[in-house]
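What follows is a set of notes on a single structure, which appears directly below.
So that the names make sense, note that chain A is the first sequence line, chain B the second, and so on, each numbered from 1.
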Amino acid sequence: MPELAEVEFFRRVWMRAASVPVLEVQLHPKARPLREVDYEALREGLTGSCLESSSASGKRMCYKFSGNQWLGVHLGMTGELRVEAPGFIPLKHDHLVLRLTKSSLIFADPRMFGRIQYASGADAPPWWRDLPPDLLSPKFSEACVNDFLLRHQGLPLKAAVLLQDGFAGVGNWMADEILWRSHLHPQRKVATLTAAESVAIHAETVAVAREAMRTVAVEKGTTFAEPPQGWLFHTRWGKVGLCPRDGSKLRRETVGGRTTAWCEVCQPKGNKRA
DNA sequence: CAACCTGTTCGCCA
DNA sequence: ATGGCGAACAGGTT
């Protein structure tokens, strides 16, 4: 479920418990998302320490605890972070619970495609180095996008904008939104892009990321909010989804291995000559 | 009941 | 070595 802004939402959820010592760590050692962690090291390391800071990179998060301890979180398809009462009894899919004095921090993931990582040390662990450019940083430039696309000429656009090394945080709905706004057909091959179309992908990626961060990463009850009205997001799953721009019926098909929605009027298959 | 799913990773192949 | 593809991973929902 979680893409860029939803990940940011969840990152903030746990930060509500910053600076409070961890009394106890409970975990499900056999749960798949924890398959890489050294359970004893994590338990001993985090007990008594405080959450100090955190950052997100694309769909990944890293929480830093006192004593130079790093906890990596990827929510996979169905993961979520929650804050519950101190005495909260973990549910079936609550694989990791950090008990604090006034709350419990929960990592839950029913489908178990998520991943928890743990390391200690003064420097960021190997898995939190060499991160891809943030979509909202100057590093994510037109040239950066163009260079990345040049290395993936054979892919359909849909598959290309889902690659996390180049488009960190873009997931299925953001990818469709970006291509819809760019007037580009998801099955177009990267190799057929004109310079102007590459620039459009950059611009719309930034626009979608910025607007999603502004609207979606906001707390609304216990879950994130939805993107603004008028976005493809709201119609792409409907039985008869209609294009928010021209009202024509959306096409839906698997592209690049993922269910993809697009408007055949707005996003013509043909290569518009520059 | 079968199909479907907002994600990654692996092995295979070119 | 690099890039592309399809399967695999699990379990809940439609």
Under 4.0 angstrom between A/His93 side-chain N/O and C/dG12 OP1 or OP2: yes
Phosphate-side-chain proximity, A/Gln153 and C/dG3, N/O vs OP1/OP2 below 4.0 Å: no
Side-chain N,O (A/Arg258) to OP1/OP2 (B/dG7) below 4.0 Å: yes
Verdict with supporting geometry, A/Trp70 and A/Tyr63, ring-ring contact (aromatic ring centres under 6.0 Å, His included): CA-CA 6 Å; A/Trp70 312 74; A/Tyr63 287 95; over 10 Å; no
Interatomic distance where CG belongs to A/Leu150 and C1' belongs to C/dG3 [whole Å]: 14 Å
Atom pair distance, as rounded to whole Å: CZ in A/Arg236 and P in B/dC4: 15 Å
Nucleotide nearest A/His152 when distance is taken to its side chain, options B/dT8, B/dT9, C/dG3: C/dG3
Nearest-angstrom distance, P atom, C/dG4 to B/dT6: 22 Å
Residue A/Pro156, side-chain heavy atoms: nucleotide from C/dC5, C/dC9, B/dT6 that is nearest: C/dC5
d(CZ, A/Arg35; P, C/dC9) in whole Å: 12 Å
DNA chain B-proximal residues of residues 246-256 of chain A, any heavy atom under 4.0 Å: none
Minimum-distance nucleotide to A/Leu155 side chain [options: C/dC9, C/dG3, C/dG4]: C/dG4
Interatomic distance, A/Met112 CE vs B/dT8 C1' [rounded to whole Å]: 15 Å
Base-pair map of DNA chain C as dot-bracket, where | denotes pairing with a different strand and pairs are Watson-Crick or G-U under 3.5 Å: .||||||||.||||
Phosphate OP1/OP2 of B/dT9: any A/Arg115 side-chain N/O under 4.0 Å: yes
Phosphate OP1/OP2 of C/dG11: any A/Lys92 side-chain N/O under 4.0 Å: no
Rounded distance (Å) that lies between atom C1' of C/dG12 and atom CD of A/Glu80: 13 Å
Distance in angstrom units between A/Trp237 CH2 and C/dT13 P, rounded: 17 Å
Distance, rounded to the nearest Å, where A/Leu4 contributes CG and B/dG7 contributes P: 12 Å
A/His74 vs B/dG7: side-chain N/O to OP1/OP2 distance below 4.0 Å: no
Pairs where residues 140-172 of chain A contributes a residue and the test ring-ring contact (aromatic ring centres under 6.0 Å, His included) is met, not counting sequence neighbours: A/Phe140-A/Phe167, A/Phe140-A/His202, A/Phe148-A/His152, A/Phe148-A/Phe167
Candidate nucleotides B/dG7, C/dC9, C/dG12, ranked by approach to the side chain of A/Arg32 - the nearest: C/dC9
